[in-house]
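Here the structure comes first, spelled out in structure tokens, and everything after it is commentary.
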Amino acid sequence: MSNRYNENKLVVFNTLSRKKEVFIPLKNPHIGMYVCGPTVYGDAHLGHARAAITFDLIFRYLQHLDYKVRYVRNITDVGHLENDADEGEDKIAQKARLEELEPMEVVQFYTVRYHRNMDQLNVLRPSIEPHASGHIIEQIEMIKKILDAGFAYAVNGSVYFDVEKYNQSYHYGILSGRKIEDLISNTRELAGQSEKHNGFDFAIWKNAEESHIMRWPSPWGDGFPGWHMECSAMGCKYLGDQFDIHGGGMDLLFPHHESEIAQSTVANGKAPVRYWLHNNMITLNGQKMGKSLGNAMSLDDIFTGNHPLLEKAYSPMTIRFFILQAQYRSTLDFSNEALQAAEKGMKKLFAAYETLNQLKVDMNAPPMGVAEIRKACYDAMNDDFNSPMVIAGLFEAVRLINSLKAVEGSLLPDEFELLHKLLHDFLIDVLGLSAEDVAGDHGLVDGLMQTIIQLRQEARGRKDFTTSDLIRNRLGDLNIELKDGKDGTDWQMK
RNA sequence: GGUUUCGUGGCCGAGUGGUUAGGCAGCGGUCUGCAAAACCGUGUACAGCGGUUCGAAUCCGCUCGAAACCUCCA
């Protein structure tokens, strides 16, 4: 029995080489994947959704290919500094101060909300979701290793990574394409009277001021871990010194991932990651959507339609479909028009999935090329997870289904099965889309609807169009759409 | 300024050295009591200017325009 990964040669775009590379796991069939998760100090917005959905798609597809995936996505609840390191205040702590809450209360509050949003988007939970605050010891141990290796220095209770020294033996900039000379010229002014030897050195442990509430004891005094330590430490802990995939948003490429590579390389003696994958940004009027720019929309805003820029509410599945309609490395531009197009398209997709069950099967039916569509979907996914092309393939299946229904044609039994499998595998399993209240499969409701539809049919038979139109209009007011066909009437939620 | 990208028809978005992406919207038709849905048909798109080539939207150069990163950020 062969596994699907033997039949499918997966190619991924590796940021490290800026090329598409054939994906070969270190320990086939096991795959380790680490993705940077959210900093839980605010509600999730569209950008979080894109990152989560991108790597959910990858997680789902790798599993579909029969790989055994350990997917680690962290929760950042300490460490990221708000301003320059010297007077930085922990992001979580700052929020806590403002709202007079315990920092961990803030963390819990937004973590729960994040999970709820991700569930709504049908994003699978990762295999492990470690919190930075729960891995202080691991981070301290790693900092010690970096110090022992001579690539960091301690000053006044803080520890800084020595980028210049690192660059003598390795290449700081290997991921982002930056040159250290450029960094020097860019950061010289900022360096000032800093504790750092160089402006571009970064803190791996930060001394906590008296007033700082989030603090842990360490060999260098009370403090908290630096920006990039948690991912290095937790990635190493759960996936090993070297693992297959590391993902995150493109905005994390520098300095976060660049620094992660430096830390892990020094601490473990080898480059930590084989394939670096980065999802692109969602833009609004061509500009990145982001908290700091004040143009970010929370997912709850979108799901409820509660935002000045929104013409209406958009369901989680509409958002998911919208995001999957673009390849993950492209920017994706937000607009009401685009969202409404996505909404309609997705409903059409699911309506056809329902219609499939009504198709007739016949041993003598002409072949319709279902296998070719299926192959196109695999080819698309194997080419750096090209979900828009998968969706195009699925729409080909939609056209096939609807046209057969329209002419009352039939399918070969094998193709009928394969079509079912195609839609189930790709639409449901890989793309992770699920029918919302689109189709009429609600048991009691469906039974009631059949009665109403029958009454309307009888009215139409009597040419009592006043009654039949009244029924249709009243149902329309309830967002129920009637679809008259050759052999009867179907219904669905609008 | 440096680094990394991008510029595709009304909108969103794939793709790519020669063959229809796809969705939404529009237009024409079929069906329908009328609609809707569905089906069929329908688009002189690839920023501009040069170059390479039998052939480029796809490769190269330049110009113009836009973005991300260089500070926390998906």
Side-chain angles (χ1 to χ4, degrees), chain A residues 15 18 35-39 41-42 44-55 76 80-85 88 91 173 176-179 181-183 185-187 190 200 227 247-256 258 278-283 286-293 296 321-322 325-327 329-346 348-349 351-352 355 376 380 383 386-396 398-399 401-407 460 463 465 468-469 472-473 476 481-486 489-492 494:
Chain A
T15 309
R18 300 194 188 275
V35 174
C36 292
T39 305
Y41 71 108
H45 60 257
L46 259 188
H48 293 102
R50 186 166 201 196
I53 288 169
T54 294
F55 292 99
T76 296
H80 285 201
L81 303 175
E82 188 70 22
N83 296 307
D84 193 38
K91 226 169 211 182
S176 58
R178 280 175 167 74
K179 297 186 187 70
E181 305 86 66
D182 299 331
L183 292 173
S185 62
N186 270 324
T187 48
L190 297 172
F200 47 80
W227 324 356
M250 270 183 186
D251 48 353
L252 297 177
L253 221 147
F254 188 91
H256 184 57
E258 192 72 62
H278 290 95
N279 65 277
N280 215 320
M281 305 291 103
I282 288 183
T283 57
Q287 253 213 336
K288 174 182 169 179
M289 208 178 259
K291 225 181 168 71
S292 48
L293 295 160
F321 187 78
F322 170 68
Q325 264 190 314
Q327 209 269 351
R329 285 189 294 115
S330 306
T331 54
L332 172 59
D333 203 49
F334 170 93
S335 70
N336 281 284
E337 219 179 340
L339 245 29
Q340 280 163 31
E343 185 175 54
K344 286 189 185 175
M346 188 183 62
K348 188 172 169 181
L349 214 42
T355 303
D383 184 12
N386 197 322
S387 52
M389 280 185 71
V390 172
I391 290 171
L394 294 179
F395 273 111
E396 224 175 294
V398 167
R399 197 169 43 76
I401 291 166
N402 285 334
S403 59
L404 278 175
K405 170 103 188 297
V407 301
R460 291 175 77 197
K463 296 205 187 300
F465 299 123
S468 68
D469 287 351
R472 185 171 67 194
N473 292 338
E481 177 179 51
L482 294 179
K483 304 199 291 186
D484 292 330
K486 275 203 161 58
T489 301
D490 293 329
W491 68 278
Q492 70 172 43
K494 275 187 204 165

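Note that the coordinates shown come from a computational prediction; the quantities given were computed from them, not determined experimentally. In what follows, every chain begins at residue 1, and chains take the letters A, B, ... in the order their sequences are listed.
- Side-chain proximity of A:Ser335 to B:C39, B:A14, B:C12: nearest is B:C12.
- Contact between A:Met281 and A:Lys288 at its shortest, heavy atoms only, is SD-CE, 3.9 Å.
- Partners of A:Gln340 according to the side chain to side chain donor-acceptor pair (under 3.5 Å) rule, which considers only residues two or more places apart in sequence or in another chain, are A:Glu311, A:Tyr314.
- Summarising the geometry of A:Ser176 relative to A:Phe254, their closest heavy-atom pair is OG-CD1, 3.4 Å, with the distance given to 0.1 Å.
- By the side chain to side chain donor-acceptor pair (under 3.5 Å) test, A:Asp333 is found to be paired with A:Thr283, residues two or more places apart in sequence or in another chain being considered.
- As judged by a 4.0 angstrom heavy-atom cut-off over every strand, A:Met281 is placed among the base-contacting residues.
- What separates CZ of A:Phe334 from P of B:G13 is a distance of 12 Å, to the nearest Å.
- Between A:Gly177 and A:Arg18, the closest heavy-atom pair is N-NH2, 4.2 Å.
- Comparing the C1' positions of B:G23 and B:C62 gives a spacing of 36 Å, expressed to the nearest Å.
- Taking atom P on both B:G2 and B:C59, the two are 24 Å apart, rounded to the nearest angstrom.
- Among residues two or more places apart in sequence or in another chain, the side chain to side chain donor-acceptor pair (under 3.5 Å) test is passed with A:Glu396 by none.
- Contact check for A:Thr489 versus A:Lys483: no side-chain heavy atoms found under the 4.5 Å cut-off.
- To the nearest whole angstrom, the two P atoms, one in B:G48 and one in B:G9, are 11 Å apart.
- Atom CZ in A:Arg329 sits roughly 21 Å away from atom P in B:A74 (whole-Å rounding).
- Of the side-chain N and O atoms in A:Asn279, none sit less than 4.0 angstrom from OP1 or OP2 of B:A74.
- Under the side chain to side chain contact (heavy atoms under 4.5 Å, CB included) criterion, A:Ala341 pairs with no residue, sequence neighbours left out.
- At the phosphate of B:G15, OP1 or OP2 sits under 4.0 Å from a side-chain N or O atom of A:Asn386.
- Only A:Gly47, A:His48, A:Ala51, listed by number, bring a heavy atom of residues 47-55 of chain A to less than 4.0 angstrom from any atom of RNA chain B.
- Every residue meeting the side chain to side chain donor-acceptor pair (under 3.5 Å) condition with A:His278, not counting sequence neighbours, appears here in chain and number order: A:Thr15, A:His257.
- A:Ile282 comes within contact range of at least one nucleobase, with a heavy-atom separation under 4.0 Å.
- As rounded to the nearest Å, B:A35 and B:U42 have P atoms that lie 24 Å from one another.
- Residues meeting the salt bridge (charged side-chain N to carboxylate O under 4.0 Å, His left out) test with A:Glu481, sequence neighbours left out: none.
- Spacing of C1' atoms, B:C11 relative to B:C46, comes out at 16 Å, to the nearest Å.
- Nucleotide B:C6 holds its C1' atom 10 Å from the CE atom of A:Met250, rounded to whole Å.
- Regarding A:His256, its NE2 atom lies at a distance of 13 Å from the P atom of B:C70, rounded to whole Å.
- Comparing the C1' positions of B:G17 and B:A56 gives a spacing of 6 Å, expressed to the nearest Å.
- B:G18 and B:A74 are spaced 40 Å apart, taking the C1' atom of each and rounding to whole Å.
- One can place CZ of A:Arg18 at 17 Å from P of B:A68, the figure rounded to the nearest angstrom.
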With the sugar-phosphate defined as primed atoms, P, OP1 and OP2, and the base as all remaining atoms, what B/S/- string results for nucleotides 24-37 of chain B, 5' to 3', for protein heavy atoms under 4.0 Å? SS------SBBBBB

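- Looking at heavy-atom distances under 4.0 Å, A:His45 makes contact with a base.
- The line from CD of A:Glu343 to NZ of A:Lys348 is 15.0 Å long, rounded to the nearest 0.5 Å.
- Heavy-atom nearest nucleotides on RNA chain B were determined for A:Ala326 and for A:Gly393, and the one closer to the 5' end corresponds to A:Ala326.
- Comparing atom distances between the A:Arg178 side chain and each of B:C39, B:A14, B:G2 picks out B:G2 as nearest.
- Applying the salt bridge (charged side-chain N to carboxylate O under 4.0 Å, His left out) rule to A:Asp484 yields the partners A:Arg456, A:Arg460; only residues at least two apart in sequence or on another chain are considered.
- A:Ala338 comes within 4.0 angstrom of sugar-phosphate atoms only, judged by non-hydrogen atoms across all strands, and of no base.
- Within 4.0 Å of A:Ser330, counting heavy atoms only, lie sugar-phosphate atoms of the nucleic acid but no base atom.
- On a pure distance criterion of 3.5 Å, no polar donor-acceptor pair joins the side chain of A:Arg399 and the base of B:C39.
- Legend: residues meeting side chain to side chain contact (heavy atoms under 4.5 Å, CB included) with A:Ser335, ordered by chain and number and at least two apart, are A:Glu337, A:Ala338.
- With sequence neighbours left out, the salt bridge (charged side-chain N to carboxylate O under 4.0 Å, His left out) criterion links A:Lys405 to A:Asp490.
- When each of A:Val398 and A:Thr283 is assigned the nucleotide of RNA chain B with its nearest heavy atom, A:Val398 is the one assigned upstream, toward the 5' end.
- You'll find that the side chain of A:Asn402 is closest to B:A38, out of B:A68, B:C12, B:A38.
- Applying the 4.0 Å criterion to OP1 and OP2 of B:C6, one finds that A:Thr331 has every side-chain N and O outside that range.
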Base-pair map of RNA chain B as dot-bracket, where | denotes pairing with a different strand and pairs are Watson-Crick or G-U under 3.5 Å: (((((((..(((.....[...))).(((((.......)))))....(((((..]....))))))))))))....

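- B:G7 sits 28 Å from B:C54 when the P atoms are compared, rounded to a whole Å.
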